[in-house]
Amino acid sequence: MKAFNDLADFSNDEIAALLALANRLDEHPEPEALKGKVLSLLFLSPSLRTLASFQAAMVRLGGGSFVISPDMSIHGLETRPGIVMDGTAAEHIREAVPVIASYGDAIGIRAFAERKNLETDMAETEFSSLTDLIDTPYINMESAMGHPCQNLADWKTMDDLSIPSNGKFVLSWAYHPKALPLAVPASTLYTAARRGMDVTVLRPEGFELPGPIIEKSRAAAEAAGGSVIETDNRTEAMEGAQVIYAKSWSSTAHYGDRIADQKLRNGLESWCVDDPWFDNAADDCRFMHCLPVRRGVVVSESVLDGPRSVVIHEARNRMLAQMAVLYQMMGAGA
Ligand code: CP
């Protein structure tokens, strides 16, 4: 495997093989599988789970890793192309990325969306500008529109919990005081669709997901026997739902315009997932979220701490899913 960037790059058989490998490595650890291998981890955006789970995954497979992020005591990093570096930054990303990559057998890169221009972010311009600098196998640890490690872990979580592959999946917008990236909602929608689920995107007006993301997911759902619809009607969306996956995201109607986005989200505080949301859902409807999550803002404490919530299971599956990816990328059969 040369890159783990988007589940769309993998066939159904390849995804099934990764999920089976994640289960096998959990049940039958292979502590020498990646002996002598090194994973470089470049975090240009913050993290808890991704940072910890990749390091844990490498240790469990017998390899090692190192982390570089701008808030460590490294030289100030310049990211702008074509710049005269007469300011404070002493190192350009054009040298830093290949140098970091050269120390490892694979590299993980996290670079969130700039959230200035929707087309630029949809085209993954920044992430591609980084991966274009290297020949080393790479893993997308969250880019402008993608979070494939989260997606694989979430797919595994639904399999673990025997949530039917043709079940009803609600991806719900939730209130958050800040405009957040589209990577998780966009790639989660695609993942549930690709799994063959009947997906409802529940969101207020102005927070529609971009057309190309809906179209890509709808095509994947139809190929797998599922469907994708969008609504702002919570009762209709939650009818018979087997999963509600909550996430806040930026207004696509006002992408890159912080003030207009803020105006639109003011008054939407009731979009906090709470017990009454489940009134007409399936009895065993699960609550999913990639974390971090704001208690009492995105989801009530009662739901988050209650039996429906599988957020810790999802987070542990990050490590297992990534072990499978690392094994295929750097292991003996790679
Ligand atoms: N879900 C997720 O990617 O968490 P972090 O941002 O903490 O890595």
Side-chain angles (χ1 to χ4, degrees), residues 3-7 18-19 22 39-60 65-72 106-115 121 124 126-127 130 138-158 160-161 169 171-174 176-192 243-250 273 286-295 297-299 303-304 309-326:
F4 187 68
N5 187 42
D6 183 344
L7 289 194
L18 281 167
L19 294 167
L39 175 67
S40 317
L41 294 165
L42 173 62
F43 282 90
L44 297 175
S45 309
S47 169
L48 184 153
R49 275 141 295 274
T50 309
L51 179 63
S53 59
F54 265 108
Q55 293 176 89
M58 282 305 287
V59 170
R60 283 177 186 272
S65 61
F66 67 89
V67 176
I68 296 293
S69 74
D71 53 1
M72 300 167 85
I107 182 168
I109 302 177
R110 169 169 279 201
F112 289 174
E114 278 193 330
R115 271 177 298 132
D121 286 346
E124 294 284 15
E126 193 194 351
F127 194 76
L130 301 175
Y138 70 89
I139 299 170
N140 178 335
M141 301 199 299
E142 191 172 334
S143 61
M145 292 289 156
H147 199 353
C149 298
Q150 184 69 49
N151 305 147
L152 193 63
D154 289 339
W155 191 318
K156 173 168 158 44
T157 305
M158 289 192 276
D160 292 350
L161 297 168
F169 184 101
L171 172 65
S172 179
W173 186 87
H176 190 285
K178 289 197 265 184
L180 296 184
L182 292 169
V184 170
S187 59
T188 299
L189 168 61
Y190 176 78
T191 302
V243 176
I244 177 168
Y245 196 116
K247 190 72 189 80
S248 194
W249 61 83
S250 314
V273 179
R286 306 292 188 155
F287 173 80
M288 296 182 75
H289 191 284
C290 62
L291 303 180
V293 69
R294 289 187 183 228
R295 287 173 172 258
V297 176
V298 168
V299 57
V303 171
L304 190 56
S309 174
V310 297
V311 298
I312 306 302
H313 190 143
E314 284 177 85
R316 179 169 186 273
N317 274 342
R318 286 292 306 276
M319 178 181 74
L320 298 171
Q322 290 155 201
M323 282 166 70
V325 171
L326 293 166

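Counting convention: from 1, in listed order, for ligands and their atoms alike. We number each residue from 1, following the sequence as shown.
Partner of T50 under the side-chain hydrogen bond (donor to acceptor under 3.5 Å, both in side chains) criterion, chosen from R318, Q322, E142: R318.
Without hydrogens or angle criteria, R110 side chain to L44 main chain gives no donor-acceptor distance under 3.5 Å. A distance-only check finds a donor-acceptor pair linking the side chain of S250 to the backbone of L180 [under 3.5 Å]. A donor-acceptor contact shorter than 3.5 Å is absent between the side chain of R294 and the backbone of H176.
Within 4.0 Å of ligand 1, counting heavy atoms only, the contacting residues are S47, L48, R49, T50, R110, H147, Q150, C290, L291, R318.
In the model, D154 has a side-chain atom that pairs as donor or acceptor with a side-chain atom of Y245 under 3.5 Å. Checked by atom type, the side-chain pair S143/N140 shows a donor-acceptor distance below 3.5 Å.
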